[in-house]
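Throughout, a chain's letter reflects where its sequence line sits, starting with A, and its residues are numbered from 1. These numbers were taken from a predicted model, which means no experiment stands behind them.
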Amino acid sequence: MNAIAFVHEQLTGKKDFPKFKAGDNITVNYKIIEGSKERIQSFKGDVIKKQGNGATASFTVRKISDGIGVERVFPFFSPNVESIVMNKTGNVRRAKLFYQRKRSGKSARIREKRQAVAEVAK
Amino acid sequence: MKGIIGKKIGMTSIFDSSGKQTACTIIEAGPCVVTQVKTIESDGYNALSLSLGDKKEKHSTKSEVNHYAKAQTAPKKFTKEFRNYSLEKNIGETITLDIFAEGDSVEVVGTTKGKGFQGVVKRHGFHGVGQQSHGQHDRQRAPGSLGNSSDAARVMKGMKMAGRMGNDRVKLKGLKVVKIFAEKNYILVSGSVPGYNGSIVLIQK
């Protein structure tokens, strides 16, 4: 095993996040620290990018908040990412959905992928 | 002083418990063999010669083979001297990463990547001359004036000009030891380290 792969394996704990990809609609629950208090905030939107591998992997979630596009980058193995909830599986043809930044309203919607019932149950 | 020879592997990042991400460099360091012990009586100064990486005997000269035979090892690829080593070591002993502990502040010495012949903008951070228009023609990355006029009538020594860049020995101080994987001889130090992946670096404290 090469050295970087070994170190990544040691550094990254098991994260039981659902498998998601670009185009999926997810909710990320992450910890934020206000002074001494710690609470969980959620960020719901479409995944427009998954980037990197190993311990440095990250993904970008985009949502429209009050008519303004907001994007947030989450490191995959950050201890502050508490959980990820899968909302919808998107039907997209690309791995990076940067074209979404130019779109708004109806054209910015991502079609939901139709899945067999057995697959959804999994 | 204590130190060890290592090979730069590459970079990654690590999270602390509060979620702060730190960039760090993976270095495969040691185990090094002490191949010579220099003392004031015999050599005029105190130092330890450490060696890393085996070399085939057919690629070594006879003098190399015999020199390393004194430490009962095969000929080595890299040998570096550490002055005034703080640990008492005899010839033939090995030095591993347990001379460092996580959280230590260390120095890393390496050779920067060679950049070739570079102009003053890249090499010395000059800003170039003037603007793109207003009669400037093609002087955007030029050094400008080299000095005074008839008083002096020469260019001062040490004037910054274009030339070879990189390939310099550079020492970075105050890097933190983030993590040590002793069984694999990997050490993670915070931040970047000079040189390409696979280059030889010295870690010292």
Check your understanding: Are a donor atom and an acceptor atom from the side chains of Thr79(B) and Tyr68(B) found within less than 3.5 Å of each other?
Key -> yes
Review point. Taking it one step at a time, do Lys8(B) and Tyr196(B) satisfy side-chain hydrogen bond (donor to acceptor under 3.5 Å, both in side chains)?
Key: CA-CA 7 Å; Lys8(B) 176 174 167 181; Tyr196(B) 52 88; over 6 Å; no
Exercise for review: Classify the ring geometry between Tyr85(B) and Phe82(B) as parallel (under 30°), tilted (30 to 60°) or perpendicular (over 60°).
Suggested key: perpendicular
Exercise for review: Could you list which of residues 20-49 of chain A have a heavy atom closer than 4.5 Å to any heavy atom of chain B, in residue-number order?
Suggested key: none
Practice item. Just do the salt bridge (Lys or Arg N to Asp or Glu O under 4.0 Å) check on Lys77(B) and Asp54(B) with the steps written out, would you? Key: CA-CA 6 Å; Lys77(B) 265 186 189 159; Asp54(B) 279 345; over 6 Å; no
Practice item. Tell me, please, which residues at least two apart from Phe17(A) pass ring-ring contact (aromatic ring centres under 6.0 Å, His included). Key: Phe76(A)
Review point. Does a salt bridge link Lys205(B) with Glu107(B), judged by any charged N lying under 4.0 Å from a carboxylate O?
Key: no
Practice item. Not counting sequence neighbours, list each pair that qualifies as a salt bridge (charged side-chain N to carboxylate O under 4.0 Å, His left out) and has a residue in residues 59-69 of chain A. Key: Arg62(A)-Glu71(A)
**Study point:** Donor-acceptor side-chain pairing of Thr12(B) and His8(A) below 3.5 angstrom
**Key:** yes
Review point. Is it the side chain or the backbone of Glu28(B) that comes within 4.5 Å of chain A heavy atoms, both, or neither?
Key: neither
Check your understanding: Do any N or O atoms from the side chain of Asp43(B) and from the backbone of Ile40(B) form a donor-acceptor pair under 3.5 angstrom?
Key -> no
**Study point:** Positions in residues 164-183 of chain B that reach chain A, provided some heavy atom is under 4.5 Å away
**Key:** Lys179(B), Phe181(B), Glu183(B)
Check your understanding: Rounded to the nearest 0.5 Å, how far apart are NZ of Lys184(B) and CD1 of Ile9(B)?
Key -> 11.0 Å
